[in-house]
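Being a predicted model, the structure only gives us computed values, none of them experimental. Just so it is clear: chains get the letters A, B, ... in the order the sequence lines come, proteins before strands, and each one is counted from 1.
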Amino acid sequence: MNSTGFFNSVWLLVAHIPAGRVASYGQIAALLGHPRAARTVGWALHSTPDHLDIPWHRVINSQGRISTDCGEHSPGLQRYLLEQEGLQFDGDYVDMDRYQWQPDMATIEAILAKGHPLARTD
DNA sequence: ATAATGACTGGGG
DNA sequence: ACCCCAGCCATTA
């Protein structure tokens, strides 16, 4: 159990990204107070337990491009899910200025304070 | 405790 | 636009 770990915070925050919006790995890291831990965010999402039902597809790279090459969470699936939520792609890119999630600090604090029901069960 | 591992990022060529 | 590189850092596949 680890409701305060970084992975858990990542899942918690990503769970609150609204449909039709996206965040970058670095953005999630920064919102959690670790602006250099973008890679770790990617790793956290890679190891997201399926039962948590996290909208993992709403996290893409800072260029507005899909990064995953994981079999379970494939680029094709991620793009499909995003398009289902109304995002339009220009080639391999989405317009970050248009779709990026922009929560205010109060929202973030509320989410993090609320904390946890996402603790791992292994 | 140390080493390896990435769904990253920004900069440079 | 593309490819490559070095720095990055929480976790342990």
Side-chain angles (χ1 to χ4, degrees):
Chain A
M1 68 76 151
N2 183 6
S3 59
T4 56
F6 189 75
F7 279 24
N8 195 268
S9 297
V10 170
W11 298 326
L12 183 59
L13 199 50
V14 170
H16 288 77
I17 302 173
R21 316 237 73 190
V22 293
S24 74
Y25 301 93
Q27 179 187 2
I28 296 298
L31 290 171
L32 293 176
H34 295 249
R36 313 292 171 151
R39 305 187 66 164
T40 308
V41 171
W43 199 351
L45 291 174
H46 176 71
S47 54
T48 305
D50 292 336
H51 69 83
L52 294 184
D53 194 32
I54 298 297
W56 56 270
H57 58 283
R58 296 182 191 143
V59 185
I60 60 181
N61 70 28
S62 64
Q63 319 284 319
R65 217 176 190 188
I66 288 172
S67 292
T68 180
D69 59 349
C70 171
E72 286 281 313
H73 317 109
S74 68
L77 174 59
Q78 183 165 12
R79 176 167 179 150
Y80 170 78
L81 291 172
L82 289 174
E83 290 179 327
Q84 288 300 303
E85 296 182 351
L87 275 76
Q88 296 176 11
F89 281 75
D90 176 11
D92 292 330
Y93 298 85
V94 297
D95 184 345
M96 289 302 274
D97 291 334
R98 177 176 177 185
Y99 298 118
Q100 186 164 37
W101 184 37
Q102 292 171 351
D104 53 50
M105 280 315 289
T107 299
I108 299 304
E109 290 174 8
I111 292 171
L112 296 180
K114 184 174 181 182
H116 70 58
L118 306 177
R120 281 181 292 172
T121 57
D122 51 301

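Between A/Gln63 and A/Gly42, the residue whose closest nucleotide on DNA chain B is further toward the 5' end is A/Gly42. The 5' end of DNA chain C is approached more closely, in terms of each residue's nearest nucleotide, by A/Arg65 than by the other of A/Arg65 and A/Ala37.
When atom types are taken as modelled, the side chain of A/Asp50 and the backbone of A/Asp53 share no donor-acceptor pair closer than 3.5 angstrom. Counting only distance, with no hydrogens or angles, the side chain of A/Trp11 and the backbone of A/Ala44 share a donor-acceptor pair below 3.5 Å. For A/Ser74 (side chain) and A/Cys70 (main-chain N/O), no donor-acceptor pair under 3.5 Å exists by modelled atom type. The backbone N or O of A/Ala30 sits nowhere less than 3.5 Å from a side-chain atom of A/Arg36 that would complete a donor-acceptor pair. A donor-acceptor pair is defined here as one N or O able to donate and one able to accept, closer than 3.5 Å; such a pair exists between the side chain of A/Gln78 and the backbone of A/Val59.
Rounded to an integer number of Å, the gap from CH2 of A/Trp56 to P of B/dC8 is 14 Å. Rounded to an integer number of Å, the gap from CG of A/Asn61 to P of B/dG6 is 18 Å. In this structure, A/Ile28 atom CD1 and B/dT9 atom C1' are separated by 15 Å, rounded to whole Å. For A/Met96 and B/dT9, the CE to P distance is 8 Å, given to the nearest whole Å. B/dT9 atom C1' lies 14 Å from atom CD of A/Gln100, rounded to whole Å. Atoms OH (A/Tyr25) and C1' (B/dT5) sit 16 Å apart, rounded to a whole Å. Rounded to an integer number of Å, the gap from A/Leu45 CG to C/dT11 P is 13 Å. Between A/Gln78 atom CD and B/dC8 atom C1' there is a gap of 14 Å when expressed in whole angstrom units.
Taking 3.5 Å as the limit, the base of C/dA13 and the side chain of A/Trp43 contain a donor-acceptor pair of atoms between them. A donor N or O paired with an acceptor N or O is not found under 3.5 Å between the base of B/dG10 and the side-chain atoms of A/Arg36.
Side-chain proximity of A/His46 to B/dG10, C/dA10, B/dA7: nearest is B/dA7. If you check C/dA1, B/dT9, B/dG6 against the side chain of A/Tyr93, the one that comes closest is C/dA1. When each of C/dA10, B/dT9, B/dG6 is scored by its nearest atom to the side-chain atoms of A/Ala38, the top-ranked nucleotide is B/dT9. The side chain of A/Ser62 lies closest to B/dG10, out of C/dA10, B/dG10, B/dC8. Side-chain atoms of A/Arg39 lie closest to C/dC8 of the nucleotides C/dA10, B/dA7, C/dC8.
The base-pairing partner of B/dT2, taking Watson-Crick or G-U wobble contacts with both distances under 3.5 Å, does not exist among the strands shown. For C/dA13, there is no paired base (Watson-Crick or G-U wobble, both distances below 3.5 Å).
Counting non-hydrogen atoms under 4.0 angstrom, A/His73 reaches a base of the nucleic acid. At the heavy-atom level, A/Thr40 lies under 4.0 Å from base atoms of the strands shown.
Linking Ile, Leu, Val, Met, Phe, Trp and Tyr whenever their side-chain heavy atoms come within less than 4.5 Å puts A/Leu31 and A/Ile54 in one cluster.
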